[in-house]
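Naming: A, B, ... by sequence-line order, numbering from 1 per chain.
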Number of protein chains: 2
Amino acid sequence: VRLALEEARAPYRDVTRTKSGMASMMRMLHGVKEGLCPFAPPFLRHGTLVVAQTANILLYLAPRHGLVPSGNAALLAAHQLQLTVADLVAEVHDTHHPVGTSLYYEDQRPEAKRNARSFTKERVPKYVGYFERVLEHGGGPHVFGRRLSYVDLSLFQVMSGLAYAFPRTMKRLARSTRRLRALRARVEERPAVAAYLSSERRLPFNPDGIFRYYPELDI
Amino acid sequence: VRLALEEARAPYRDVTRTKSGMASMMRMLHGVKEGLCPFAPPFLRHGTLVVAQTANILLYLAPRHGLVPSGNAALLAAHQLQLTVADLVAEVHDTHHPVGTSLYYEDQRPEAKRNARSFTKERVPKYVGYFERVLEHGGGPHVFGRRLSYVDLSLFQVMSGLAYAFPRTMKRLARSTRRLRALRARVEERPAVAAYLSSERRLPFNPDGIFRYYPELDI
């Protein structure tokens, strides 16, 4: 979501990173405000509209900022890919939390290792193979051809996260991720994205995030 | 998706249940046809358009069949709820497959039991509590008030699945799921839904589906 806003140079406020921002977020989750409450972060407030669920937020933002080709077919195609990215990200989360979100990683290490074995061996190759075919199909360099869309930004984020969390696995898959790696490099060089990545607004990957580097899970 | 089509009395063909339907589905997944290939089933073909990802298919169908209030805000709100339903369904799947989709349940029983403990104790109450608040907020009996939407159909499906897979857990939560149970009963009685449920088109819950009844996981 931040990448989309940054690429569009849309002004936004990352509320939980401001003073009293966490309290403000909790108020929204507990429904003090009017309207439909989100189940969980992230959510976007734009005027009186509150939109939750990452893919839904991007569905809302993208047409407003020229980050998806026009027309309903492209909107649905982009969203389909974004939801597939979301599935992959959920599986990344499950590698370190296969038993339960409420437990620490340290309390589910054997299960995590078993999950990560099948994730690195089967699931990552299946997902990256799929997205490579999508890039090939579109003619490149982006998902929808010459013009960037928010799906490219999401693929950049996922490829960056996978390279951080599973460096050995991704090195092993280097030859079968040529298009994705070229896309990642291309997105990284976009002026607005580059400015964002080198700013304090960019949250570095870290051991509390979804993408975590645990060498024992990079099998 | 089937519930939405049935409630709308829209003609459809459930291709994988026809002769040579599985082969037809595999051809689509492997990209013999033109256009964006789905990563996985389910997907809908309507003319030349192919839409994958359950929530995305419903996003496409609902406005065409009067299954969501008009306006962009309602479309986003409904989709947000559908994506939250999808998250819950994914967590249901993880109870019996916490280690890997490619392994049998029998090869991940201890991990499944640990996952199911936190799922039944923490996650189900959290999700149903959220959806109860949504129903309360809308004034009932449906998510958007007096008129049925596809989100109500999805909540019907989830409540039916949870009652099948986790009967003890759901009995324990009976008092805190009053609105959801009333909604389930109401949806079940709708003429088109009732006709569908008693037909062969309805796939009964079964040990190969997402909702599975393993007594040892109903903690």
K.L.:
Heavy-atom distances under 4.5 Å only: say whether B:Leu81 touches chain A with side chain, backbone, both or neither.
P.N.:
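Just its side chain gets close to chain A.
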K.L.:
Tell me if a side-chain donor or acceptor on A:Tyr130 pairs with a main-chain N or O of B:Cys37 at a distance below 3.5 Å.
P.N.:
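Checked: pair present.
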K.L.:
Ignoring hydrogens, what is the shortest heavy-atom contact between B:Arg114 and A:Val99? Give both atom names and the distance.
P.N.:
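Shortest heavy-atom contact: CB-CG1, 3.4 Å.
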K.L.:
Can you measure from CG (A:Asn115) to NE2 (B:His97) and round to the nearest 0.5 angstrom?
P.N.:
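With rounding to 0.5 Å, CG (A:Asn115) is 12.0 Å from NE2 (B:His97).
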K.L.:
Please classify the contact of B:Arg133 with chain A as side chain, backbone, both or neither, using a heavy-atom distance under 4.5 Å.
P.N.:
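For B:Arg133, the contact with chain A is made by the side chain alone.
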K.L.:
More than 12 non-hydrogen atoms from neighbouring residues, nucleotides or ligands closer than 6.0 Å to CZ on A:Arg17, yes or no?
P.N.:
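Above 12, so yes.
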K.L.:
So which atom in B:Asn56 and which in A:Leu76 form the shortest heavy-atom distance, rounded to 0.1 Å?
P.N.:
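What the structure gives for the nearest pair is ND2-O, 3.0 Å.
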K.L.:
For A:Ser118 versus B:Gly100, what's the shortest heavy-atom pair and its separation?
P.N.:
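Closest approach of A:Ser118 to B:Gly100, heavy atoms only: OG-CA, 3.7 Å.
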K.L.:
Specify which of A:Ala90, A:Ala86, A:Ser102 makes the most heavy-atom pairs with chain B at under 4.5 Å.
P.N.:
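Ranked by heavy-atom pairs under 4.5 Å with chain B, first place is A:Ser102.
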K.L.:
Select one option (side chain, backbone, both, neither) describing which atoms of B:Lys126 are under 4.5 Å from chain A's heavy atoms.
P.N.:
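Contact with chain A: backbone and side chain both.
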K.L.:
Please test B:Leu83 against A:Thr54 for side-chain contact (heavy atoms from CB on, under 4.5 Å), starting from the C-alpha separation and ending with a verdict.
P.N.:
CA-CA 10 Å; B:Leu83 290 172; A:Thr54 305; over 6 Å; no
K.L.:
Going through the checks in order, is the side chain to side chain donor-acceptor pair (under 3.5 Å) test met by B:Asp87 and A:Gln53?
P.N.:
CA-CA 10 Å; B:Asp87 287 344; A:Gln53 287 276 0; 3.0 Å; yes
K.L.:
At a 4.5 Å cut-off on heavy atoms, which part of B:Ile57 comes close to chain A: side chain, backbone, both, or neither?
P.N.:
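For B:Ile57, no heavy atom lies under 4.5 Å from chain A.
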K.L.:
Answer with side chain, backbone, both or neither: which region of B:Val134 has an atom nearer than 4.5 Å to a non-hydrogen atom of chain A?
P.N.:
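Contact with chain A is through the side chain of B:Val134 alone.
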K.L.:
May I ask you to check whether A:Phe39 and B:Tyr127 place their ring centers less than 6.0 Å from one another?
P.N.:
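Yes: the rings meet the under 6.0 Å criterion.
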K.L.:
Donor-acceptor pair, A:Asp94 side chain versus B:Pro98 backbone, under 3.5 Å?
P.N.:
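Such a contact is absent between A:Asp94 side chain and B:Pro98 backbone.
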K.L.:
Side chain, backbone, both or neither: which part of A:Leu75 has a heavy atom under 4.5 Å from chain B?
P.N.:
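Neither part, no heavy atoms under 4.5 Å.
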K.L.:
Which pair of non-hydrogen atoms, one from B:Gln80 and one from A:Val50, has the smallest distance, and what is that distance?
P.N.:
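Between these two residues, the closest heavy atoms are OE1-O, 4.0 Å.
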K.L.:
Would you say NE2 of A:His65 has more than 12 non-hydrogen atoms from neighbouring residues, nucleotides or ligands within 6.0 angstrom?
P.N.:
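Enclosed.
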K.L.:
Which bit of B:Leu49 comes within less than 4.5 Å of chain A, counting heavy atoms only: side chain, backbone, both or neither?
P.N.:
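Side chain only.
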K.L.:
In terms of heavy-atom pairs under 4.5 Å with chain A, which of B:Lys113, B:Glu122, B:Glu91, B:Gln82 leads?
P.N.:
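Ranked by contacts with chain A, first place is B:Glu122.
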